[in-house]
Amino acid sequence: QGQLVESGGGLVPPGESLRLSCVASGITFRLETMQWYRQAPGKQREFVGDIYPTGRTTYADSVKGRFAISRDNARNTMYLQMSSLKPEDTARYYCHVQFSGIWGQGTQVTVSS
């Protein structure tokens, strides 16, 4: 029933910023912990961060201090603000509802000059 749609990816030079969006439907969005994951080719899917219903956030060490997750419950939308992007951030980024197995289709982020 639940559906997640990511958007906002693209090609950016190192050091620049990008904001991803995840729009949810079919779930009680405001009550869910929402998560961002990413996956580069040939690598395991990696936890990026999450945001609790309270607004508390958690981040992987690799992105801490550079990425920020927020949510707008009125729009059923979670955001990932990425700054100081590095080539190592290149991956497909996915939205996930915690404990649900509900994933979006992903949006590609490529950091390259």
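Considering only heavy atoms from C-beta on, T77 stays 4.5 Å or farther from C22 through its side chain. The shortest side-chain heavy-atom distance between D50 and W36 does not fall under the 4.5 Å cut-off. Taking 4.5 Å as the limit, every side-chain heavy atom of P87 sits out of range of all side-chain heavy atoms of S112. Side-chain contact check for Y59 versus I69: some heavy-atom pair is nearer than 4.5 Å. Using a 4.5 Å heavy-atom cutoff, the side chains of T107 and L20 are in contact. You'll find the side chain of T57 stays beyond 4.5 Å of the side chain of F67, heavy atoms only. Using a 4.5 Å heavy-atom threshold, the side chains of Y93 and E6 count as separate. In this structure the side chain of V23 never reaches within 4.5 angstrom of the side chain of L4, judged on heavy atoms.
Note: N73 CG to F29 CZ = 5.5 Å, rounded to the nearest 0.5 Å. Here the OG-CD distance, from S7 to Q105, works out to 8.0 Å after rounding to the nearest 0.5 Å. In this structure, CD in Q108 is found 6.0 Å from CZ in R92, a value given to the nearest 0.5 Å. To the nearest 0.5 angstrom, E16 atom CD is 11.5 Å from M82 atom CE. Expressed to the nearest 0.5 Å, how far CG of N76 lies from CE of M34 amounts to 9.0 Å. Rounding to the nearest 0.5 Å gives a distance of 9.0 Å between OH of Y52 and CD of Q35.
A cation-pi arrangement is not found for R71 relative to Y79, the charged atom failing to lie both closer than 6.0 Å to the ring centre and inside a 45° cone about the ring normal.
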side-chain contact (heavy atoms from CB on, under 4.5 Å) evaluation trace for I27 with I102: CA-CA 10 Å; I27 66 170; I102 299 172; 4.2 Å; yes
Run the numbers on S21 and M78 for side-chain contact (heavy atoms from CB on, under 4.5 Å), then give the verdict. CA-CA 6 Å; S21 298; M78 175 179 64; over 6 Å; no
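The minimum heavy-atom distance linking S84 with S17 is given by the pair N-OG, 4.3 Å.
Listed by first then second residue, pairs satisfying salt bridge (Lys or Arg N to Asp or Glu O under 4.0 Å) with a partner in residues 29-40 read R38-E46, R38-D89, not counting sequence neighbours.
Taking hydrophobic clusters as Ile, Leu, Val, Met, Phe, Trp and Tyr residues chained together by side-chain heavy-atom distances below 4.5 Å, V12 shares a cluster with L80. Placement of V63 and Y94 in two distinct hydrophobic clusters is found when ILVMFWY residues are connected by side-chain heavy-atom separations under 4.5 Å, directly or transitively.
S83 contributes a side-chain N or O that, together with a main-chain N or O of R66, makes up a donor-acceptor pair within less than 3.5 Å.
When ring centroids are compared, F47 and Y37 come within the 6.0 Å threshold.
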